[in-house]
2 protein chains.
Amino acid sequence: MDSIVAAGLEILAAEGADAVTMRAVAGKLGTGAASLYAHVRDKGELHALLLDAVIGEVDVPEADPARWREQIKQFCWGQYRAMVRHPGIAAVSLAHIPTGPNALRCSEGMLAILTAGGLSKLVAGLAVDLLTQYTTAVAYEDTLWWVRAEDGNDPFASEGSVVAQAKAYFAGLPPAEYPMITSMVEELTTGDGDARFQFGLDMIVAGLDNLRDWRLPG
Amino acid sequence: MDSIVAAGLEILAAEGADAVTMRAVAGKLGTGAASLYAHVRDKGELHALLLDAVIGEVDVPEADPARWREQIKQFCWGQYRAMVRHPGIAAVSLAHIPTGPNALRCSEGMLAILTAGGLSKLVAGLAVDLLTQYTTAVAYEDTLWWVRAEDGNDPFASEGSVVAQAKAYFAGLPPAEYPMITSMVEELTTGDGDARFQFGLDMIVAGLDNLRDWRLPG
DNA sequence: ACCTGAACACCGTTCAAGT
DNA sequence: ACCTGAACACCGTTCAAGT
């Protein structure tokens with residue numbers, strides 16, 4: 001059952017989330033797909049196990065009230081890097097909403113950091129969801145590039161050329177119809193995944209700072 | 001080719017994104033799956049067409065510099081509601097990163113509103129990605145509940161009982177291991193999808209207000 | 001208890017053949 | 001140009017049969 005997770009992670013890294021099929025995992029273990037059902041209820045549970053294994057690699061810092069902004073950013077960077085280390089897992093996370101033991105440990109740690117920082121319980125809870133979702137979504141977008149570069153037939157496909165392609169696409173649009181986009185080509189295509197992730201983190205933390213006592217409408 | 005989109009949207013609404021197969025769409029049209037390939041390159045293009053059709057329902061307000069905060073929130077609410085009206089489309093959007101003509105029109109309008117509000121071009125561009133991603137992710141989470149309620153065998157499954165289930169789950173955790181979560185059960189499970197979406201919007205706009213001249217690191 | 005092969009009911013996509 | 005049936009190479013899952 002542990003070797004099942006290991007085999008799944010190998011396939012995930014090599015061929016992406018869609019390639020983690022019952023048959024492929026069983027094949028890597030030298031057996032048939034039906035054998036897996038003795039250890040795992042279905043494909044969804046297998047994916048959930050992979051997800052929680054990856055989340056287990058993320059460090060959660062002890063809450064230090066004076067440094068909550070750095071700490072929450074540091075944690076999210078750890079989660080982001082763990083997902084980038086396992087390309088494809090972000091897709092699994094988006095499809096599942098993680099609830100395994102390691103995910104709980106992360107939520108617990110994030111709540112400790114955020115409430116130590118003076119956020120209300122309600123805002124801390126909402127922030128945990130929002131930060132997790134944001135981190136996952138950016139990691140997912142990064143791996144979309146990876147998959148596309150992988151199975152495209154252009155041997156020069158790489159992160160650089162994807163940006164170049166986007167730049168050419170925006171620049172080629174009719175300026176009359178798209179005055180904003182065509183006048184902002186440079187700004188729209190600058191910055192790699194890491195820089196863009198940093199922007200979102202800075203922005204979310206700034207937003208939390210301003211809404212630490214936000215209340216439900218009505 | 002227009003009827004293909006209509007058939008796809010019908011299946012999407014009735015059975016979710018996974019049910020929009022070539023065979024199902026062709027079946028609804030009284031033909032075979034192979035016939036669709038005369039009008040559409042592959043399943044991905046079909047999904048992209050559905051996505052752009054839904055995005056076409058979203059209104060984009062004329063930029064009014066004094067009201068950029070309300071305007072951008074209003075736009076995102078429109079996009080959110082359009083996706084909730086077509087359960088399942090959010091999953092398609094997450095998998096594709098929309099680039100159709102209607103998506104371009106939306107990006108153009110958002111950039112106009114945000115730059116009118118005084119955000120730098122760089123921040124406006126990053127904000128468009130972030131807001132679109134946030135809106136899609138929340139709509140997607142909403143429809144996850146919907147799907148689960150749909151195919152669960154519990155006839156009482158509904159939004160209310162999902163929350164009740166989560167509440168019971170959190171309350172049942174060992175307090176020694178999860179002191180934060182168990183002491184915040186009420187706050188963690190309060191607020192429906194709409195209220196949570198509003199929180200994120202308020203937070204993102206507050207964050208943008210504080211980072212309107214953010215620059216790339218280094 | 002665990003594993004297996006074979007089968008069932010599905011997929012997306014291709015392709016030769018028709019009109 | 002458009003449509004079709006049949007086929008290919010896959011899926012997840014079940015189940016009777018083995019050890």
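Computed from heavy atoms alone, side chains included, the values below leave out hydrogens, waters and symmetry copies. Protein chains get the first letters and strands the later ones, always in sequence-line order, with residue 1 at the start of each.
- Between the side chains of B:Asp142 and B:Tyr80, a donor-acceptor pair is found at a separation under 3.5 Å.
- Atom pair A:Leu36:CG and C:dA1:P shows a separation of 20 Å (rounding to whole Å applied).
- Of the nucleotides present, D:dC8 is the one that pairs with C:dG12 by Watson-Crick or G-U wobble criteria, both distances under 3.5 Å.
- Nucleotide C:dC10 holds its C1' atom 16 Å from the CE atom of A:Met22, rounded to whole Å.
- Other residues, nucleotides and ligands place no more than 12 heavy atoms under 6.0 Å from the CG atom of A:Asp59.
- The nearest whole Å value for the distance from the CG atom in A:Asp18 to the P atom in C:dG12 is 13 Å.
- The side chain of B:Tyr37 lies closest to C:dT14, out of D:dT4, C:dG5, C:dT14.
- For the 3.5 Å distance criterion, the side chains of B:Asp129 and B:Gln133 fail to qualify, holding no donor opposite an acceptor.
- Under 3.5 Å, the side chains of B:Asp194 and B:Gln198 contain no donor-acceptor pair of N or O atoms.
- In the set C:dT13, D:dT4, D:dT14, the nucleotide with an atom closest to the side chain of A:Ala34 is D:dT14.
- Using a 4.0 Å cut-off, some side-chain N or O of A:Ser35 falls inside it from OP1 or OP2 of C:dT4.
- D:dC11 atom P lies 14 Å from atom NZ of B:Lys43, rounded to whole Å.
- Listed nucleotides: D:dC3, D:dG5, C:dG12. Nearest to the side chain of B:Ala38: D:dC3.
- Distances were taken from every side-chain heavy atom of B:His39 (C-beta onward) to each of C:dC15, D:dT14, D:dC3; the shortest belongs to D:dC3.
- The nucleotide whose nearest atom lies closest to any side-chain atom of B:Arg23 is, among D:dC11, C:dG12, D:dC3, C:dG12.
- Out of C:dT13, D:dT13, D:dC15, the shortest distance to the side chain of A:Ala33 is found at D:dT13.
- Within 4.0 Å (heavy atoms only), B:Thr21 reaches sugar-phosphate atoms of the nucleic acid but no base atom.
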